[in-house]
Amino acid sequence: MADGDVLAMNLTDLSWLIASKKVSASEVVSAALARLDQFEPQLNAFITVDRDGALAQAKRADEEITRGAYRGPLHGVPVSIKDLFETAGMRTTGGSKIFADWIPEHDSALAEKLKAAGAINLGKTNLDEFGHGGTSTLSHFGPVHNPWNVERIAGGSSGGSAAAVAAGIGPLSYGTETGSSVRRPASYCGVVGFKPTFGIISRTGSFRGAWSQDHAGLFARSVKDICLGLDVVAGFDRRDPASVPQETPQYAARLDSNIKGLKIGVLRNFLESVTPNVKTAFEAALKVFASAGAELVDFDVPELRYAAMTSNFTSSAESGGINRIWFRQHAHDYVPHVARGIAVGLTISASEYLTAQRARQRIREAVRAAYDKVAIIATPTTSRIAPLLSEGLKGNGDDARHVSTNHSNMLRFPSMLGLPGCSLPIGISPENMPMGVQLVGKWFTDQTVLNAAAAYQNETDWHTKRPKI
Amino acid sequence: MDLKEKHAHRLAMLQGVEFSPADIDEILAEVDDIERVVAELEEFCKNTPWFSQQTQPEGGKV
């Protein structure tokens, strides 16, 4: 079987081939590494690649499978992990010069679970320093480039993970999100990005960006693959104060694309800053949901005009607190823009932070009430296609400093409130760049969000489109 | 009053870390916005109960 064939497969098919020994984990991992070698010089998606380690793990996986010790759908499958998660014996930098040579002794909870599932970690993906950014250009290790057009950004902060999956360097990559760092790069790179309800995936052993908004999430090319990848890493972890007790994850087994009667809310007031092509793709996506049986409900949540501002203020203050000690010792080793942001966070007083939390409470209650009317809120994931690198940090078009109907509010509220959110591809722009829709559910309705996303993918083929790098 | 003077109390929270004049200008531009943002958030949430979240043992009771 040709290398490209195995890397083009969905995870379900690839797992079956590995489990039935029609293809070996060693062959799949070798193919992924060859693809990485081919495209990494243009993408800069990885900070560290563990070539020898990955091949050794693959050999071990093949031996286990041969003797009947199959561990499940991720056994022998190449994955990658955002370089915010600690990996025992493998460099973990946070995208920062400060940790450029740090080799942790212990695995993060996420890396532990992936190892236990037999997944093969190819390496650590590039990001904005400590997750502080939305472009993946604020890395000590240089910017990530978008596989659809290397002159454009991949989005951040989990841009390396999104770019890796879009480029076919493994079917799964794991990232994190504090503001929109899974959903935005997923949309810009034309892959599926899912961030579950706060507390579903443990964050133990990962760098904090803002503790009350940090989530782990993942990228894949299909919703089914997201479910398989989520099943392995979800679960209660006493070491993470945000972790929630939960049933044994069975997202893949429970995937049901019947969405007849599902109420999907549309917040049209927040479409103002969305570009015409993205708006058109979004309206077309809504029609697909309607034809699959969903009921579309136009409504408004006026309090969401304060969401981006409140989220930004919260994460700024929390990042100041988190970085206080490192900052005192290493302020000039940070990426300059990140250092300035942390400096601003350090100047926010406790009473000002608490005011933002009170505002957050008001938004939370308004959104809770909104979910009495609808099961899911749908919006374009991003207001525009991935901007050019030359547009700089303002290229995303965000406004997180004013009360407004700017689309940034749509990007920021799911993480600020801990809601499950999924971005999936819904079209290709005239510039040949992907566009995305995001589905945001009520707390702990992760399965409903995934089901709706799967229903869309059953009816469309946008998720099968691949960039020509 | 220039921004540096106006926000001297905030810059003191930078724990002695020094920045270039250009960096300080960028930081001050954002810092100058904090009080406006807080005033807008205060107005927005003035009738919202203060949130409270204690750290309690699992299950609620010791």
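Quick note on labels: first sequence line is chain A, next is B, and so on, each numbered from 1.
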**Student:** Look up atom CG in A:Asn312 and atom OG1 in A:Thr178, then write down how far apart they are to the nearest 0.5 Å.
**Tutor:** 12.0 Å
**Student:** Taking 4.5 Å as the heavy-atom cut-off, does anything in residues 337-361 of chain A contact chain B, and if so which residues?
**Tutor:** A:Ala339, A:Arg340, A:Ala343, A:Val344, A:Leu346, A:Thr347, A:Ile348, A:Ser349, A:Glu352, A:Leu354, A:Thr355, A:Ala356, A:Gln357, A:Arg358, A:Ala359, A:Gln361
**Student:** What is the distance from atom CD of B:Glu43 to atom OH of A:Tyr306, rounded to the nearest 0.5 Å?
**Tutor:** 7.5 Å
**Student:** Without swapping roles, check the side chain of A:His215 against the backbone of A:Gln213 for a donor-acceptor pair under 3.5 Å.
**Tutor:** yes
**Student:** Ignoring hydrogens and geometry beyond distance, is a side-chain donor-acceptor pair present between A:Asp128 and A:Ser157 at under 3.5 Å?
**Tutor:** no
**Student:** Can you tell if the side chain of A:Phe413 reaches within under 4.5 Å of the side chain of A:Thr310, non-hydrogen atoms only?
**Tutor:** no
**Student:** Hey, what do you get for CG (A:Leu138) to CZ (A:Phe130), rounding to the nearest 0.5 Å?
**Tutor:** 12.5 Å
**Student:** Please classify the contact of B:Val17 with chain A as side chain, backbone, both or neither, using a heavy-atom distance under 4.5 Å.
**Tutor:** side chain
**Student:** Taking A:Glu365 first and then A:Arg362, would you say they form a salt bridge - that is, a charged N and a carboxylate O separated by under 4.0 Å?
**Tutor:** no
**Student:** In chain order, what residues pass the salt bridge (Lys or Arg N to Asp or Glu O under 4.0 Å) check against B:Glu35, with sequence neighbours excluded?
**Tutor:**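 B:Arg10.
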**Student:** Who in residues 397-410 of chain A is close to chain B, using a strict under-4.5 Å heavy-atom cut-off?
**Tutor:** A:Arg401, A:His402, A:Val403
**Student:** Once rounded to the nearest 0.5 Å, what's the spacing between atom CD1 of A:Ile200 and atom CG of A:Asp446?
**Tutor:**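 Spacing of CD1 (A:Ile200) from CG (A:Asp446) equals 5.0 Å.
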**Student:** Should the pair A:Arg368 and A:Trp443 be classed as cation-pi, given the thresholds of under 6.0 Å to the six-membered ring centre and 45° from the axis?
**Tutor:**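 Yes, A:Arg368 sits over the ring of A:Trp443.
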**Student:** Taking only Lys NZ, Arg NE, NH1 and NH2, and the carboxylate oxygens of Asp or Glu, determine whether B:Lys46 and B:Glu42 approach each other closer than 4.0 Å.
**Tutor:**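 Looking at B:Glu42 together with B:Lys46, the answer is no, because their closest N to O distance does not fall below 4.0 Å.
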**Student:** Taking non-hydrogen atoms and a cut-off under 4.5 angstrom, which of residues 20-28 of chain B neighbour chain A?
**Tutor:** B:Asp23, B:Glu26, B:Ile27
**Student:** Please name the pair of heavy atoms, one in A:Gly179 and one in A:Ser415, separated by the smallest distance, quoted to 0.1 Å.
**Tutor:**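 Residues A:Gly179 and A:Ser415, closest heavy atoms: O-OG, 3.4 Å.
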**Student:** Look up atom CZ in A:Arg184 and atom OG in A:Ser136, then write down how far apart they are to the nearest 0.5 Å.
**Tutor:** 10.0 Å
